[in-house]
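Single-structure report; data block below.
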Amino acid sequence: MKAEGDFFKMVFEVVKLVPKGRITTYGAIANYLGTRSSARMVGWAMNKAHSQTEDIPAHRVVNRNGMLTGKYHFGNPTMMEALLKKEGVIVKKDIVVDFKKKLWDPTIEL
DNA sequence: CGTGTGACCGGCG
DNA sequence: ACGCCGGCCACAC
């Protein structure tokens, strides 16, 4: 694994590694990073992702319910659903359909 | 150096 | 089944 200091960079790495049409959860990433109890840090890192110059597909990251919790952070709440839909992920009432099936867990996949 | 905050999660009432 | 509360860690002010 990498250095701990690059916690949030690592989050971006994982998020960027998420295959198109798949989604992951904050908890999964947190667990992968070893901070299982502190999934908030993952979400919080995503907040910082807005500042990053790299394009972080944060729309592929949802909470464990499969709900688009961070959609309000995209500028327009509709953007997140639109992006997901574009990638083949069906979103209904802010919830990802077949979320469990499309879930891409780094701890399992990697 | 101390305090606050956060796109969450899991457990308990 | 639903709602509330605490925990946990990193970063900004």
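Keep in mind the model is a prediction, meaning the values are calculated, not measured.
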What's the [atom1]-[atom2] distance between [X] and [N], to the nearest Å?
X	N	atom1	atom2	value
L33(A)	dC11(C)	CG	C1'	16 Å
R36(A)	dA10(C)	CZ	C1'	18 Å
K9(A)	dA10(C)	NZ	P	18 Å
L68(A)	dC8(B)	CG	C1'	15 Å
W44(A)	dA7(B)	CH2	P	11 Å
L103(A)	dC9(B)	CG	P	11 Å
R64(A)	dG10(B)	CZ	C1'	7 Å
N65(A)	dA7(B)	CG	P	16 Å

Can I get a per-line list of side-chain donor-acceptor pairs under 3.5 Å for residues 93-101 of chain A, giving both atom names and the distance, sequence neighbours left out?
residue: D94(A); atom: OD1; partner: K71(A); partner atom: NZ; Å: 2.8
residue: D94(A); atom: OD2; partner: K71(A); partner atom: NZ; Å: 3.0

- So, E87(A) and R22(A), do they make that salt bridge, N to O below 4.0 Å?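 Here E87(A) does not pair with R22(A) in a salt bridge, since their nearest N and O are not under 4.0 Å apart.
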- Task: State whether K16(A) and E54(A) are salt-bridged, where the test is any N-O pair (Lys NZ or Arg NE/NH1/NH2 against Asp/Glu carboxylate O) under 4.0 Å.
- Result: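 The answer is yes: the pair qualifies as a salt bridge.
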Measure from the side-chain heavy atoms of [X] and tell me the nearest of [options].
X	options	result
S38(A)	dC8(C), dC11(C), dC8(B)	dC8(C)
K48(A)	dC11(C), dC8(C), dA7(B)	dC11(C)
A39(A)	dA7(B), dC11(C), dC9(B)	dC9(B)

[X] near the nucleic acid: base, sugar-phosphate alone, or nothing, with a heavy-atom cut-off under 4.0 Å?
X	result
K71(A)	nothing
N63(A)	sugar-phosphate
A49(A)	nothing
T35(A)	nothing

- State the OH-CZ distance between Y26(A) and R40(A), to the nearest 0.5 angstrom.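 One finds 13.5 Å between OH of Y26(A) and CZ of R40(A).
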- For the residue pair D105(A) and T107(A), confirm or rule out a side-chain donor-acceptor distance under 3.5 Å.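 On atom types as modelled, these side chains qualify, holding a pair under 3.5 Å.
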- Message: If you compare every side-chain N and O of R40(A) against the phosphate oxygens of dG7(C) (OP1, OP2), does one of them come in below 4.0 Å?
- Response: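 Indeed not, no polar side-chain atom of R40(A) lies that close.
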